[in-house]
Amino acid sequence: VQLQASGGGLVQPGGSLRLSCTASGFTEPYHAIGWFREVTGKDRDMVSCISSKDGRIYYGENMKGRFTMSSDNAKNSTYLQVKSLKPEDTARYYCAAATNVEHPICTWYAFYDYDYWGQGTLVTVSS
């Protein structure tokens with residue numbers, strides 16, 4: 001089982017990035033896919049998530065507006081478009097899948113409910 005995140009890099013303030021997460025090797029359906037970000041030394045925050053049950057996308061606190069999550073089931077991929085990047089967006093961005101726990105909506109998942117994590121992709125916003 002693998003979640004491969006990509007698309008990070010160095011970007012100037014105000015710039016945009018599109019992060020990708022591709023899942024492979026899953027033998028059972030996942031109930032939710034989430035995007036998280038982690039600043040060194042701080043807690044991992046949920047950026048957005050999608051519930052497989054209804055396909056609805058939700059955003060973490062203060063994430064709606066500049067972050068847009070989408071998915072392509074045919075490619076087993078989810079995407080996170082980030083615009084108007086700020087230096088405080090600098091973080092490692094992870095995608096994760098929850099297969100064991102099922103909640104009605106994906107915002108009910110705590111980070112420990114996600115049992116598969118990608119290696120993350122580093123986003124650095126700096127001039």
### Message
Give me each pair satisfying disulfide (SG to SG under 2.5 Å) with a member in residues 96-127, each pair once, sequence neighbours excluded.
### Response
Cys49-Cys106
Side chains of residues 8-32: which donor-acceptor pairs under 3.5 Å do they make with residues two or more places apart or in other chains?
residue : atom : partner : partner atom : Å
Thr22   : OG1  : Ser77   : OG           : 3.0
His31   : NE2  : Thr99   : O            : 3.2

### Sequence neighbours excluded, every pair satisfying salt bridge (Lys or Arg N to Asp or Glu O under 4.0 Å) that has a member inside residues 55-73
Arg66-Asp89
## Note on the structure
Contacts satisfying salt bridge (Lys or Arg N to Asp or Glu O under 4.0 Å) that involve residues 39-50 (not counting sequence neighbours) are Glu38-Arg44
### Nearest-0.5 Å distance that lies between atom CZ in Arg37 and atom OG1 in Thr121
14.0 Å
### Query
Taking only residues two or more places apart in sequence or in another chain, which ones pass salt bridge (charged side-chain N to carboxylate O under 4.0 Å, His left out) with Arg92?
none
### Tyr93: ring-ring contact (aromatic ring centres under 6.0 Å, His included) partners, not counting sequence neighbours
none
### Query
How long is the span from the CG atom in Asn73 to the OG1 atom in Thr78, to the nearest 0.5 Å?
10.0 Å
### Task
Please answer: with hydrophobic residues joined when any side-chain heavy atoms are less than 4.5 Å apart, are Phe111 and Leu3 in the same cluster?
no
### Query
Any sub-3.5 Å donor-acceptor pair from Tyr114's side-chain atoms to Tyr109's backbone N or O?
no
### Message
Could you see if Met69 belongs to whatever hydrophobic cluster contains Phe36? Use Ile, Leu, Val, Met, Phe, Trp, Tyr and a side-chain cutoff under 4.5 Å.
### Response
no
### Query
Under the ring pair (Phe, Tyr, Trp, His ring centres under 6.0 Å) rule, what pairs show up with a residue in residues 49-79, not counting sequence neighbours?
none
#### Entry: Cluster overlap Met46 with Val39, hydrophobic side-chain contacts below 4.5 Å
no
#### Entry: Cluster link Trp117 to Val123, ILVMFWY, side chain under 4.5 Å
no
### Message
Can you pull out every salt bridge (Lys or Arg N to Asp or Glu O under 4.0 Å) where at least one residue sits in residues 94-120? Sequence neighbours excluded, please.
### Response
none
### Task
Decide side-chain contact (heavy atoms from CB on, under 4.5 Å) for Ser48 and Leu80; before the verdict, give the C-alpha distance in whole Å, the side-chain angles of both, and the deciding distance to 0.1 Å.
CA-CA 8 Å; Ser48 63; Leu80 185 67; 3.6 Å; yes
### Summary
Those residues at least two apart in sequence (or on a different chain) that pass ring-ring contact (aromatic ring centres under 6.0 Å, His included) with Trp108 are none
### Query
Cluster question for you: counting only ILVMFWY and a side-chain heavy-atom cut-off of under 4.5 Å, with indirect links fine, are Leu85 and Leu122 together?
no
#### Entry: side-chain hydrogen bond (donor to acceptor under 3.5 Å, both in side chains) involving Gln119 - partner list, sequence neighbours excluded
none
### Query
Listed by chain and number, what are the ring-ring contact (aromatic ring centres under 6.0 Å, His included) partners of Tyr94, not counting sequence neighbours?
none
